[in-house]
Amino acid sequence: MTTVLTPATPLTAADRCDRCSAQAYVRVVLISGGELLFCAHHGRKFEPELKKIAAEIQDETEKLTVSSPPASE
């Protein structure tokens, strides 16, 4: 996916996938206006078609692989 180069509002746990209601990690700003939100799975699944209609794609799927620091005792 192509990451947005302009500053965008980060996606939060409240942002849900428009297909399955899982947490959204991909925001697609449409050329025609509006936006779509997708989980990582659906973002990858629909990527080829989304690229055809997207003005911007904000991909935050890297958040899925970032590990959190260990909890201190």
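Under the rule for a side-chain contact (heavy atoms from CB on, under 4.5 Å), Thr65 has no partner lying at least two apart in sequence or in another chain. For Gln23, the side-chain hydrogen bond (donor to acceptor under 3.5 Å, both in side chains) partners are Tyr25, not counting sequence neighbours. A search for side-chain hydrogen bond (donor to acceptor under 3.5 Å, both in side chains) contacts involving Glu49 returns Lys52, not counting sequence neighbours.
Glu47 pairs in a salt bridge (Lys or Arg N to Asp or Glu O under 4.0 Å) with only one of the listed residues (Lys51, Lys45, Arg44), which is Lys51.
Connection of Phe46 to Leu36 is established within a shared hydrophobic cluster, with ILVMFWY side chains joined at heavy-atom distances below 4.5 Å, either directly or through further cluster members.
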Please determine whether side-chain contact (heavy atoms from CB on, under 4.5 Å) holds for the pair Ile53 and Ile31, giving the CA-CA distance in whole Å, both sets of side-chain angles, and the decisive distance to 0.1 Å.
CA-CA 6 Å; Ile53 61 170; Ile31 294 169; 5.5 Å; no

Please test Gln58 against Glu60 for side-chain hydrogen bond (donor to acceptor under 3.5 Å, both in side chains), starting from the C-alpha separation and ending with a verdict.
CA-CA 6 Å; Gln58 178 182 350; Glu60 296 185 6; 2.5 Å; yes

Take Leu50 and Phe38 through the side-chain contact (heavy atoms from CB on, under 4.5 Å) test and state the conclusion after the steps.
CA-CA 11 Å; Leu50 292 171; Phe38 293 102; 3.8 Å; yes

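Contact between Ala24 and Arg16 at its shortest, heavy atoms only, is CB-C, 3.8 Å. In plain terms, the two heavy atoms of Ala54 and Val28 that are nearest each other are CB-CG1, 3.6 Å. What you find for Ala40 and Leu64 is that their closest heavy atoms are CB-CD1, 3.6 Å. Between Cys20 and Cys39 the shortest heavy-atom distance is SG-SG, 3.8 Å.
The closest donor-acceptor contact from the side chain of Arg19 to the backbone of His41 lies at 3.5 Å or more, if one exists at all.
The hydrophobic cluster containing Leu11 also includes Leu37, under a criterion of side-chain heavy atoms closer than 4.5 Å among ILVMFWY residues, counted directly or through chains of members.
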